[in-house]
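The structure appears below as structure tokens.
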Amino acid sequence: GTGLDTFAHAVGAYISNWNNPYTSAINLTAIKETVHYLPRLVKYGSKDLEAWEHMQWAALMAGLGFSNAMPGIEHALGHSFGALMETHHGMSVGLFTPQSVAWQAKVTERWKDICPIFELDISDLPRQKALEALIRKMQEFIQKVNGFASVSEFQKPEIKKKDYKKAIPLMAEFALNDIAHLASYRPLKYEDYKQMFEAAWDSKELVY
């Protein structure tokens with residue numbers, strides 16, 4: 001969960017409209033470090049000191065990156081979700097990181113810089129197909145490190161669909177009033193957040 005919080009900080013702040021050359025450089029490096037070393041750290045734990053060290057660097061860089069820019073709407077969504085569903089912060093913002101990228105991609109090309117980190121060649125793909133391919137890679141990465149790509153996957157606590165659906169209006173209201181809401185390249189309304197929370201139950205079709 002802490003590793004996914006690092007991932008969300010770095011991706012969110014890189015995509016954020018508050019980015020600048022300084023934060024962009026360190027956030028992109030933090031994303032690279034996390035994608036490469038977090039799976040190793042999850043698999044081997046403290047036996048892999050190299051992965052442990054690099055994730056400490058990644059967390060530091062992502063911290064500098066988002067504190068000098070702003071995390072993205074994955075934090076507006078994740079804060080609201082975590083508060084009402086009582087879930088781990090890192091797991092919550094990790095869940096919504098692909099959605100944050102998907103939503104903002106309509107008005108920014110910054111997501112394309114993340115593709116090579118996932119060894120994704122998008123040169124011959126139509127734009128939407130390339131974006132969807134990146135979203136799938138991100139979701140697969142989240143699951144690979146024992147995170148959750150959809151609400152229905154959550155365990156400890158296990159989330160019942162009826163309880164989640166009932167909470168969506170209030171979660172959308174909280175997200176709309178979260179300070180991270182201001183950092184989106186693409187504006188959002190209350191109904192947009194509602195649709196995102198609804199889509200997150202199984203995350204088969206995110207809101208683009």
Side-chain angles (χ1 to χ4, degrees), residues 1-79 81-82 87-105 108-120 122 131 134-149 178-186:
T2 303
L4 284 175
D5 194 22
T6 297
F7 183 65
H9 285 157
V11 173
Y14 187 77
I15 298 296
S16 163
N17 63 7
W18 289 20
N19 70 77
N20 56 66
Y22 168 73
T23 63
S24 294
I26 56 180
N27 278 320
L28 208 57
T29 301
I31 298 169
K32 292 176 183 177
E33 293 284 284
T34 303
V35 170
H36 184 73
Y37 288 103
L38 184 56
R40 280 175 46 178
L41 187 57
V42 168
K43 184 175 182 178
Y44 299 111
S46 60
K47 295 178 181 179
D48 191 338
L49 294 180
E50 182 184 35
W52 200 351
E53 177 188 350
H54 278 271
M55 278 309 302
Q56 288 177 321
W57 283 115
L60 171 63
M61 287 185 287
L64 289 169
F66 90 83
S67 62
N68 285 280
M70 174 72 87
I73 59 169
E74 73 290 327
H75 273 72
L77 292 157
H79 287 157
F81 173 76
T87 54
H88 186 286
H89 171 75
M91 293 293 197
S92 301
V93 294
L95 161 67
F96 290 104
T97 298
Q99 176 60 80
S100 178
V101 174
W103 174 260
Q104 294 177 84
T108 177
E109 300 294 297
R110 291 179 66 81
W111 59 274
K112 292 182 178 179
D113 299 333
I114 302 174
C115 292
I117 298 175
F118 286 96
E119 299 181 348
L120 183 61
I122 62 170
L131 175 58
L134 175 61
I135 297 303
R136 284 194 299 273
K137 287 282 190 181
M138 294 176 71
Q139 290 175 327
E140 289 168 1
F141 168 74
I142 291 167
Q143 291 171 323
K144 184 177 181 180
V145 296
N146 298 334
F148 307 117
D178 192 293
I179 191 171
H181 166 79
L182 301 174
S184 177
Y185 263 109
R186 182 182 174 193

Taking the side chain as everything from C-beta on, heavy atoms only, tell me whether Gln104 gets closer than 4.5 Å to Ile73.
yes

Rounded to the nearest 0.5 Å, the CE atom of Met55 sits from the CZ atom of Phe7 at a distance of 10.5 Å

Nearest heavy-atom approach of Ala183 to Pro71 is CB-O, 3.6 Å

Self-check item: Heavy-atom donor-acceptor pair, Thr34 side chain to Ala30 backbone, under 3.5 Å
Solution: yes

Should the pair Phe66 and His75 be assigned to parallel (<30°), tilted (30 to 60°) or perpendicular (>60°) ring geometry? parallel

- Item | Criterion side-chain contact (heavy atoms from CB on, under 4.5 Å) on Ile114 and Val11, from CA distance to verdict | CA-CA 8 Å; Ile114 302 174; Val11 173; 4.1 Å; yes

Taken in chain and number order and not counting sequence neighbours, the residues that satisfy side-chain contact (heavy atoms from CB on, under 4.5 Å) with Ile179 are Met70, Leu182

Next on the checklist: I'd like to know if the side chain of Ser184 reaches the main chain of His181, judged simply by a donor and an acceptor atom lying under 3.5 Å from each other, with no hydrogens or angles considered.
Outcome noted: no

Do Ile142 and Leu95 make a side-chain contact, defined as non-hydrogen atoms from C-beta onward lying under 4.5 Å apart?
no

In this structure, CG of Leu38 is separated from OG1 of Thr6 (nearest 0.5 Å) by 8.0 Å

Legend entry - Side chain to side chain, Arg110 and Tyr14, heavy atoms closer than 4.5 Å: yes

Tightest non-hydrogen contact, residues Thr87 and Ser92, listed as OG1-OG, 2.6 Å

So CG of Leu28 and OG1 of Thr23: to nearest 0.5 Å the spacing works out to 10.5 Å

Correct closest heavy-atom pair for Thr97 and Val93 would be OG1-O, 2.8 Å

Open item on the list: Taking atom CD as the centre, does Glu109 end up with more than 12 heavy-atom neighbours from other residues, nucleotides or ligands that are less than 6.0 angstrom away?
Closed with: yes

Closest non-hydrogen atoms of Trp52 and Ser46, given as atom of the first, atom of the second and distance, are CZ3-CB, 3.3 Å

Q. Quick one: does Ser67's side chain have a donor or acceptor within less than 3.5 Å of a partner on Gly63's backbone?
A. yes

Applied to residues 136-148, the side-chain hydrogen bond (donor to acceptor under 3.5 Å, both in side chains) test, sequence neighbours excluded, yields Gln143-Glu153

task: Kindly determine whether Tyr37 and Trp57 satisfy side-chain contact (heavy atoms from CB on, under 4.5 Å), including the steps that lead there.
output: CA-CA 11 Å; Tyr37 288 103; Trp57 283 115; over 6 Å; no

Measure the shortest side-chain to side-chain distance between Trp111 and Ile135 over non-hydrogen atoms and say whether it is less than 4.5 angstrom. no

Has Glu74 got a side-chain atom pairing as donor or acceptor with Ser100's backbone, closer than 3.5 angstrom?
no

Checklist entry - Hey, mind stepping through Val145 and Phe141 against side-chain contact (heavy atoms from CB on, under 4.5 Å) and telling me if it holds? => result CA-CA 7 Å; Val145 296; Phe141 168 74; 4.1 Å; yes

Correct closest heavy-atom pair for Gly72 and Ala180 would be O-CB, 3.5 Å

Rounded to the nearest 0.5 Å, the NE2 atom of His54 sits from the NZ atom of Lys32 at a distance of 13.5 Å

Quiz prompt | side-chain contact (heavy atoms from CB on, under 4.5 Å) between Leu4 and His88, intermediate numbers included | solution = CA-CA 10 Å; Leu4 284 175; His88 186 286; over 6 Å; no

Separation between CD (Glu50) and CD (Glu53), nearest 0.5 Å, reads 7.5 Å

Would you indicate whether the side-chain heavy atoms of Glu33 and Met61 approach each other to under 4.5 Å?
yes

Query raised in the report: With under 30° as parallel and over 60° as perpendicular, where do the rings of His79 and His89 fit, or are they tilted in between?
Result: parallel

Salt bridge (charged side-chain N to carboxylate O under 4.0 Å, His left out) filter on Asp113, not counting sequence neighbours, yields none

Between Trp103 (side chain only) and Arg186 (backbone N and O only), is there a donor and an acceptor less than 3.5 Å apart? yes

